[in-house]
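Before we start, here is the structure in question, set down as structure tokens.
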Protein chains: 2
Amino acid sequence: MLVHMSTAVSEQVPEAMSWSTENCTISRTMDILGDKWTFHVLREVFVGVRRFEDIRARAGVPRQVLTERLAALIERGLIRRHPYRLPGQRERSEYRLTQAGLDLYPVLVAMIQWADQYLPLDSGPPIEPRHRGDCGERVTVVMRCEAGHEPTPREVAFRPGPGAQPR
Amino acid sequence: MLVHMSTAVSEQVPEAMSWSTENCTISRTMDILGDKWTFHVLREVFVGVRRFEDIRARAGVPRQVLTERLAALIERGLIRRHPYRLPGQRERSEYRLTQAGLDLYPVLVAMIQWADQYLPLDSGPPIEPRHRGDCGERVTVVMRCEAGHEPTPREVAFRPGPGAQPR
DNA sequence: CAGCATAAGTCCGCTTGACAGACTCAGCCA
DNA sequence: TGGCTGAGTCTGTCAAGCGGACTTATGCTG
């Protein structure tokens, strides 16, 4: 039971205190995604902007930072280089999402959904995730457990799994 | 239609190029969440670790950075201070999630789900989101559109919404 | 051929932020 | 009185981000 549920005056030690943060899943994810420019770059690639100069100009990333972040994202397997050639120009590279990159969609959709609720603009959402093709309806994320329930945030808790290490 | 779907050799200009990144939802979210320490701090609060010293020691955050991040998270309304008093000690503060903070659950669950797939540990997941109480089953996020479909990442696209500004 | 245009970088010096480690402060207790 | 503890603040060092100038490779134009 997490301390959230405690009603006693005297505090209990949270269960999580006895588990290591060594191999924490969030840390390992943040090692890849955990800075503001990486997310800006991914946003551009997600909306279809894939060339160095276009990404740089739209996201406002310093060139050196963009070079470094693209290399890191390629090394981590989220994007890959893809040669292209404009008529009358030499061959260059653009950057496309891999399957691992595409599978970040739920993360981006969850963030947009949160921001649309808590950081709304007067003019409405500037960007909307939608079901492609004939359907075209707006897409949201929902949490669902394996029994088929759809719990609210208060009904969800993080628990140690098989890979948890004692401290 | 996004360029993803183009099969022609000659490239098209992505639709997104004609929209401003000024008020982008991802940028505005990253202004709040977009650095590695903020996510580490949130992780601790999510798993029930709420006191300055405990957060600092478990997350390995430099004190000064923790002070600054907690203040920012309070100002943005994701957490709030809550006084507590251990027996025989003076009153101190702990940090708890607000409703806005709790509603980041889907973002964290989506990240963990992605990492469990693409950055797995031999020993299994160290942390698992679960439905509290009697159910106890594992929780995942799914994308769902308003027509009730559950599209895969390739079937979702980001489109400009009512608040999109031309460049 | 010389000269120009362009995408995608690299180089440079400055400033900002992260960092480790020492220090402070307030209340409680022996 | 002096010591302990949680929650900070202070300080000097060092890495990273930054804007702006420079470079490189190729194709096009005259």
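Throughout, a chain's letter reflects where its sequence line sits, starting with A, and its residues are numbered from 1.
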Exercise. Hey, does the side chain of A/Arg63 reach the backbone of A/Arg56 with a donor-acceptor pair shorter than 3.5 angstrom?
Worked result: no
Can you tabulate the close N/O pairs, meaning under 3.5 Å, that link protein atoms to atoms of nucleotides 2-6 of chain D?
| residue | atom | partner | partner atom | Å |
| --- | --- | --- | --- | --- |
| D/dG6 | O4' | B/Arg92 | NE | 3.3 |
| D/dG6 | O4' | B/Arg92 | NH1 | 3.0 |
| D/dG6 | O4' | B/Arg92 | NH2 | 3.2 |
| D/dG6 | N2 | B/Arg90 | NH2 | 2.9 |

For this session: Take the protein atom CD of A/Glu68 and the nucleotide atom P of D/dC18, then report the distance between them rounded to whole Å.
Result: 12 Å
Exercise. Please give, in whole Å, the distance from C/dA8 P to A/Leu70 CG?
Worked result: 10 Å
Exercise. Rounded to the Å, how far apart are A/Arg50 CZ and C/dA7 C1'?
Worked result: 17 Å
Exercise. Less than 4.5 Å apart, any side-chain heavy atom of A/Ser93 and any of A/Tyr84?
Worked result: no
Exercise. Can you tell me how far P of D/dG8 sits from CG of B/Leu66, to the nearest Å?
Worked result: 8 Å
Exercise. Under the 4.5 Å side-chain heavy-atom rule for ILVMFWY, direct or indirect, which residues accompany B/Val142?
Worked result: A/Val142
Problem set entry | Test log, rule side-chain contact (heavy atoms from CB on, under 4.5 Å), inputs B/Leu108 and B/Leu42 | CA-CA 9 Å; B/Leu108 287 251; B/Leu42 282 176; 5.5 Å; no
Exercise. For A/Phe52, is the NZ or CZ atom of A/Arg92 found under 6.0 angstrom from the centre of its six-membered ring and inside 45 degrees of the ring axis?
Worked result: no
For this session: Could you check how far CD of B/Glu44 sits from C1' of D/dA7, rounded to whole Å?
Result: 17 Å
Problem set entry | Atom-pair distance (NZ on A/Lys36; C1' on C/dA18), nearest Å | 15 Å
Problem set entry | Distance, rounded to the nearest Å, where A/Arg56 contributes CZ and C/dT6 contributes C1' | 13 Å
Problem set entry | Donor-acceptor pair, side chain of A/Arg130 and main chain of A/Gly136, under 3.5 angstrom | yes
For this session: Measure the distance from CD1 on A/Ile74 to P on C/dA8 and round it to the nearest whole Å.
Result: 12 Å
Problem set entry | Contacting residues from residues 57-65 of chain A, given that a heavy atom lies under 4.0 angstrom of DNA chain C | A/Arg63, A/Gln64
For this session: Name the residue closer to the 5' end of DNA chain D, choosing between B/Arg81 and A/Arg69 according to the nucleotide with the nearest heavy atom.
Result: B/Arg81
Exercise. Can you list the steps and then say if B/Phe39 with B/Phe46 is a ring-ring contact (aromatic ring centres under 6.0 Å, His included)?
Worked result: CA-CA 10 Å; B/Phe39 262 100; B/Phe46 263 93; 9.5 Å; no
Exercise. OP1, OP2 of D/dC18 versus side-chain N and O of A/Trp37: anything below 4.0 Å?
Worked result: yes
For this session: Please check if any side-chain donor atom of B/Arg43 sits under 3.5 Å from a side-chain acceptor atom of A/Ser27, or the reverse.
Result: yes
Exercise. So do B/Thr67 and B/Gln64 actually touch side chain to side chain, heavy atoms under 4.5 Å?
Worked result: no
